[in-house]
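Everything numeric in this text was worked out from a predicted model, so none of it was measured. So that the names make sense, note that chain A is the first sequence line, chain B the second, and so on, each numbered from 1. Keep in mind that the numbers below use all heavy atoms, side chains included, and drop hydrogens, waters and symmetry copies.
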Protein chains: 2
Amino acid sequence: MKQPLSSTEENYLKAIFKVCERSDKPASTNDVAILLNTKAASVTDMLKRLSEKSLINYMKYKGVTLTDTGKIIATSLIRKHRLWEVFLTDKLSFGWEEVHEIAEQLEHIQSKELTNRLEEFLDHPKFDPHGDPIPDREGKFEYRQQVLLADLNKNTNSVIVGVNEHGTEFLQYLEKLNLILGSKLVVLDTFTYDNSLLVRVNDQSEQTISAKVAKNIFVQKI
Amino acid sequence: MKQPLSSTEENYLKAIFKVCERSDKPASTNDVAILLNTKAASVTDMLKRLSEKSLINYMKYKGVTLTDTGKIIATSLIRKHRLWEVFLTDKLSFGWEEVHEIAEQLEHIQSKELTNRLEEFLDHPKFDPHGDPIPDREGKFEYRQQVLLADLNKNTNSVIVGVNEHGTEFLQYLEKLNLILGSKLVVLDTFTYDNSLLVRVNDQSEQTISAKVAKNIFVQKI
DNA sequence: AAATATTTTTAGACTAACCTAAAAACACAT
DNA sequence: ATGTGTTTTTAGGTTAGTCTAAAAATATTT
């Protein structure tokens with residue numbers, strides 16, 4: 001009988017997935033250590049164990065990637081995390097800045113049936129409250145063609161569809177600026193001095209946005 | 001900074017609460033070991049640690065009781081467990097025999113806000129799907145005046161309000177017999193030979209019920 | 001009250017997950 | 001290619017939680 005993975009092991013798989021997601025290159029020990037806020041030595045320890053279980057491809061000094069089995073587990077965790085986030089915002093009226101932490105716990109609940117019924121109950125949402133895509137039962141993601149606000153051309157109509165950072169402070173700040181998912185945006189001007197932007201929001205107010213913020217907002221052209 | 005209890009520690013508190021709930025006497029090491037399906041030596045170990053944290057009153061060879069703090073934590077766990085069970089049956093259409101296992105995991109999610117909002121979302125239920133009372137925020141239980149079906153007088157109208165055992169097999173069996181919460185019952189006859197009962201269910205069918213089953217059903221006179 | 005049986009605790013060992021400090025491997029600049 | 005600096009691994013130690021086997025305390029029986 002093979003018992004389920006511990007939450008710790010699951011978190012390692014998720015971290016490796018996240019590091020590899022964009023870059024496609026193997027994740028380094030350090031990448032994982034930083035993401036999990038732990039030490040490199042601890043990571044090496046765990047990599048050996050996960051490798052033993054055929055969940056990762058690991059060779060000393062060469063970095064780590066997920067095996068197919070590892071990928072399935074990682075995407076299932078992301079699926080659960082994001083579905084629970086939708087539950088918390090849509091059904092329990094939590095703010096989008098409050099849900100991440102709770103979902104970090106809920107994603108480790110083991111019950112396929114629960115996940116699938118939750119998805120049903122929520123009407124098969126395709127994106128979570130931060131605009132991240134929710135993988136389906138088979139682990140397939142529906143990616144969008146989105147672009148960073150910082151890279152958007154002048155005078156192009158767009159809508160906010162996601163964020164590139166999930167920290168509470170950032171999300172609360174965005175809300176205060178009235179920059180939430182679905183907000184309509186047009187860049188009216190860009191200032192090369194500090195790379196800040198002048199934007200019109202929802203065809204009403206105009207405001208400037210710092211480069212740092214603009215690099216953490218995803219928009220879609222319309 | 002005092003960090004939250006581990007799930008293991010929480011489970012010990014819950015077990016001690018359960019043993020002490022009815023009897024009022026201190027729980028023995030063995031009681032706890034049996035309930036948690038572990039060994040007495042492990043329990044002794046843990047009792048020392050929980051005592052250190054002032055969550056239990058423990059004296060060698062004398063058994064264990066919960067301190068006020070320990071009781072608060074234990075009832076909070078029961079509250080969460082039962083609220084989640086209501087969620088699973090009422091919102092996700094799980095059967096009453098399926099919810100216990102999943103709720104065992106969900107009860108360890110740490111977020112007061114989540115529990116309170118869940119309660120709100122479920123319309124402040126007073127009882128879980130098995131008829132057990134759900135403690136309020138302050139940990140107060142609303143007990144009912146209920147009686148075992150086995151102790152019910154002949155020809156007394158009653159309603160099933162709870163069960164004394166939560167095993168999957170028993171609950172599925174009850175459902176097959178059409179004995180669910182809310183079913184109306186009248187004992188028409190009792191057979192001293194094997195202490196089985198002849199009952200009328202919902203003013204319709206008549207059937208016999210074994211002594212073992214009758215000892216695990218709670219009814220309320222009407 | 002002594003003998004026996006049961007329960008509980010101690011002693012010692014194991015695993016998972018972490019850490020620090022030192023050694024080994026790798027990267028890369030001169 | 002040699003030396004320097006960074007990254008990764010090893011070595012060894014810690015804590016939580018578990019176990020078995022033996023010792024100690026309590027309970028029961030005669």
Side-chain angles (χ1 to χ4, degrees), chain A residues 1-16 19-20 23 25-66 70 73-74 77 104-105 107-108 110, chain B residues 1-16 19-20 23 25-66 70 73-74 77 104-105 107-108 110:
Chain A
M1 90 211 209
K2 61 174 165 190
Q3 65 208 52
L5 298 183
S6 70
S7 293
T8 311
E9 290 171 311
E10 291 190 335
N11 286 336
Y12 272 93
L13 293 180
K14 216 173 35 134
I16 296 162
V19 174
C20 295
S23 62
K25 293 186 189 306
S28 78
T29 303
N30 240 351
D31 289 341
V32 177
I34 288 163
L35 203 58
L36 291 178
N37 198 29
T38 183
K39 295 298 149 74
S42 309
V43 175
T44 304
D45 246 34
M46 181 60 93
L47 292 185
K48 280 184 203 155
R49 251 172 301 139
L50 292 176
S51 184
E52 205 60 45
K53 296 187 185 184
S54 302
L55 299 171
I56 60 172
N57 307 113
Y58 169 57
M59 271 172 41
K60 278 192 202 179
Y61 299 102
K62 298 293 176 196
V64 56
T65 59
L66 294 176
I73 295 172
L77 286 164
E104 282 291 307
Q105 299 177 60
E107 73 188 4
H108 298 292
Q110 313 259 201
Chain B
M1 92 210 212
K2 61 174 164 193
Q3 64 209 52
L5 298 183
S6 70
S7 294
T8 312
E9 291 172 310
E10 290 190 335
N11 286 335
Y12 273 93
L13 293 180
K14 215 172 37 134
I16 296 163
V19 174
C20 296
S23 62
K25 294 186 189 307
S28 78
T29 303
N30 240 350
D31 289 342
V32 177
I34 288 163
L35 204 58
L36 291 179
N37 198 30
T38 182
K39 296 298 150 73
S42 309
V43 175
T44 303
D45 246 35
M46 181 60 92
L47 293 185
K48 280 184 204 155
R49 252 172 299 140
L50 292 175
S51 185
E52 205 59 45
K53 297 187 185 184
S54 302
L55 298 171
I56 60 173
N57 308 113
Y58 169 58
M59 273 173 39
K60 278 192 202 178
Y61 299 103
K62 298 295 175 195
V64 57
T65 59
L66 293 177
I73 295 172
L77 286 164
E104 282 292 306
Q105 300 177 61
E107 72 188 4
H108 297 292
Q110 314 259 202

Q) Quick one: which of dG17(D), dA17(C), dA11(C) gets closest to the side chain of Asp45(A)? A) dA17(C)
Q. Between dC18(C) and Ser42(A), is there an OP1 or OP2 to side-chain N/O distance shorter than 4.0 Å?
A. no
Q. Atom CD of Glu9(B) and atom C1' of dT18(D): how far apart are they, to the nearest Å?
A. 14 Å
Under 3.5 Å, N/O pairs linking protein and nucleotides 23-26 of chain C:
residue : atom : partner  : partner atom : Å
dA25(C) : O4'  : Tyr61(A) : OH           : 3.3

Q: Report yes if a side-chain nitrogen or oxygen of Lys39(B) is closer than 4.0 Å to either non-bridging phosphate oxygen (OP1 or OP2) of dT18(D); otherwise report no.
A: no
Q. Has Ser28(A) got a side-chain N or O lying under 4.0 Å from the OP1 or OP2 atom of dT8(D)?
A. yes
Q: Check whether any side-chain nitrogen or oxygen of Thr38(B) sits under 4.0 Å from OP1 or OP2 of dC19(D), and answer yes or no.
A: yes
Q.
If the cut-off is 4.0 Å, is Asn30(A) near the phosphate of dT6(D), judged by side-chain N/O to OP1 or OP2?
A. no
(Q) So, does Thr29(A) get its side chain near the phosphate of dT9(D), meaning an N or O under 4.0 Å from OP1 or OP2? (A) yes
Q | Phosphate OP1/OP2 of dG17(D) contacted by Ser6(B) side-chain N/O (<4.0 Å) | A | yes
Q | Rounded distance in Å - CZ (Arg49(A)) to P (dT9(D)) | A | 14 Å
Q.
Can you measure Glu52(B) atom CD to dA16(D) atom C1' for me and round it to whole angstrom units?
A. 14 Å
**Q.** Rounded distance [0.5 Å steps], CG in Leu55(B) versus OH in Tyr12(B)
**A.** 14.0 Å
Set out, line by line, the N/O atom pairs under 3.5 Å between protein and nucleotides 1-4 of chain C.
none

Q. Once you round it to whole Å, what is the distance between P of dA11(C) and NZ of Lys48(B)?
A. 8 Å
Q: Hey, could you give me the CG/CD distance between Leu77(B) and Glu104(B), rounded to the nearest 0.5 Å?
A: 9.5 Å
**Q.** Length of the line joining Met46(A):CE and dT8(D):C1', which is rounded to integer Å
**A.** 17 Å
Q) Would you say Asn30(B) and Val43(B) make side-chain contact, with heavy atoms under 4.5 Å? A) no
Q: With the side chain counted from C-beta on, respond yes when Val19(A) and Val64(A) share a heavy-atom pair under 4.5 Å apart, and no when they do not.
A: no
Q: Please round to the nearest 0.5 Å and tell me the distance separating atom CD1 of Ile34(A) and atom CG of Asp31(A).
A: 6.5 Å
Q) How would you label the contact of Thr8(A) with the nucleic acid (heavy atoms, under 4.0 Å): base, sugar-phosphate, or nothing? A) sugar-phosphate
Q. What is the distance from CD of Glu10(B) to P of dA16(D), rounded to the nearest Å?
A. 16 Å
Q) Considering only heavy atoms from C-beta outward, does the side chain of Leu13(B) approach that of Ile56(B) to under 4.5 Å? A) yes
Q: With rounding to the nearest 0.5 Å, note down the distance linking CG in Leu5(B) to NE2 in His108(B).
A: 10.5 Å
Q) Which distance, rounded to the nearest 0.5 Å, do you find between the CG of Leu50(B) and the CG of Asn57(B)? A) 11.5 Å
Q: Check whether any side-chain heavy atom of Glu9(B) lies under 4.5 Å from a side-chain heavy atom of Lys53(B), and answer yes or no.
A: yes
Q) Nearest 0.5 Å, what's the CE-CG distance between Met46(A) and Asn11(A)? A) 9.0 Å
Q: For Tyr58(B) and dT7(C), give me the distance from atom OH to atom C1', rounded to whole Å.
A: 12 Å
Q: Round to the nearest Å and state the distance from Lys53(A) atom NZ to dA16(C) atom C1'.
A: 9 Å
